[in-house]
Amino acid sequence: MGIKSLPSTITMPSEVMKQNREVVIAEEIGRGRVLTLNRPNNLNYISEKVALMVGQKLEKYEKDDNAKFVILKGAGRTFCAGGDLKVIYDARDSCLEDIYRMYWLCYHIHTYKKPHIALVHGMSMGGGVGFMAPMKYSVVTEKAFCSTPEANLGYHPDCGLSYILSRLPGRLGEYLGLTGAKLKGKEVVAAGLATHFVPSHKLFELEKSLLSINNGDEEDTIRSVIDEFSTNVQIDERSVLSKLSIIDDCFSRETVEEILDSIEAEAGKKGNDWIMPVLKSIKKASPIGLKITLRSIREGRTQTLSECLRKEFRITKNTLQTIISDDLYEGIRAAIIDKDKSPKWNPSTLDKVHNEQLDLIFKPFDEHDLELQIPINEEEYRWGGKCENSIYCLRTK
């Protein structure tokens, strides 16, 4: 299979690299390149520096003929919990530079020209899912779990998630986006958010084998190595994924209100106890977050990746600037600042959120320079549009 002995520099996936203060640790081992998100005490949040460093390394490796594949993993017990909500709360719209870098990076992860592999052991939330799901190979263990809880905070699934969620089976994307429900281990693979399930006790050996590849046919060998370590996925009848027919029926309704009515009707039927937490989750979420999320995912079904990311950037910019509501800041306050778990949403109910308000959030900017500068098609500049050349970085210099 073209496997050689592995250099002694490889570190255990679970090892917390406290001695290294870099937020991203980059290693070049044989034909492989390893990027480790190294903020384990901060859930490996994606900071501006993290997005910058990962983007720089991915560009370097894509252009390097000696680099044949890239592995992305997280130090400690978390893969990546997405953006740092405390930073967003404190910085308000001055963090748009960070957001720009993150979305620009997500585009290049989706369109990367070489095989890339996510090794996911532990939490992957929000932007973390946006990092792992587009990878050529996404490997999860039984300790992995994923969720997109943004609507619960008055926000929306971003980092390309309107593209990703809209392409899951049936109406699973709407379900995950509106409820913030967790998928665990094998469920992540079955849902289409990962490609392989590998038991955690085999993860280190898998990484070791990948980094030992040395036969000039990396693409086929990578797949063979991962297949060798992975196990088949069978979903337990208690999993929410065994309820897809009900999910498809409820979450295919046109509006959030109609979705709620449908869920309430199903909740009254025998054997549907699993629906009550779903109902409670949606009713507790931000009304405007729910409506933005549903519209964004629905639009994502017919949009390209670039269109989805540009749209998400508009929504985020307008949300951070409280164009129609300050629900995001209120959601963060209630969840992680004051931790009272009692957000005061504004508007307070779904019927008070109007389409005209949503139109303000979604509409393209009047100035083209304000848009996320990513290629509309593959013939355009590959690594152009960097934040350094955007209005968002230039205004801070």
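Fair warning: this is a prediction, and the values are worked out from it, not measured in the lab.
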Using the ring centroid of each side chain, check whether Tyr163 and His110 are separated by less than 6.0 Å.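 Yes, ring centres under 6.0 Å apart.
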Quick check, are the ring centers of Phe197 and Phe229 under 6.0 angstrom apart?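 No, too far apart.
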Using a distance-only test with no angle check, is there a side-chain donor-acceptor pair under 3.5 angstrom linking [X] and [Y]?
X: Thr36; Y: Asn38; value: no
X: Ser162; Y: Arg298; value: no
X: His156; Y: Thr293; value: no
X: Lys60; Y: Gln56; value: no

Taking disulfide bond (SG atoms under 2.5 Å apart) as the definition, give me every residue that meets it alongside Cys308, ordered by chain and number, with sequence neighbours left out.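 Checked Cys308 against disulfide bond (SG atoms under 2.5 Å apart); zero matches.
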Taking 4.0 angstrom as the limit, do Glu59 and Lys63 come out as a salt bridge?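 A salt bridge is present here (some side-chain N lies under 4.0 Å from a carboxylate O).
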N-O pairing of Lys202 and Glu205 below 4.0 Å: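 Looking at Glu205 together with Lys202, the answer is no, because their closest N to O distance does not fall below 4.0 Å.
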In the hydrophobic cluster built from side-chain contacts under 4.5 Å, what are the other members alongside Ile315?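 Its cluster mates, by chain and number, are Ile288, Ile292, Ile323, Ile324, Val353, Leu358, Leu360, Ile361, Phe362.
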Which pairs, with at least one residue in residues 176-192 and sequence neighbours excluded, count as a side-chain hydrogen bond (donor to acceptor under 3.5 Å, both in side chains)?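 Every pair satisfying side-chain hydrogen bond (donor to acceptor under 3.5 Å, both in side chains) with a residue in residues 176-192: Glu187-Ser239.
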Would the number of heavy atoms belonging to other residues, nucleotides or ligands and lying under 6.0 Å from CG of Asp236 be above 12?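 Yes, because the 6.0 Å sphere around CG of Asp236 holds more than 12 heavy atoms from other groups.
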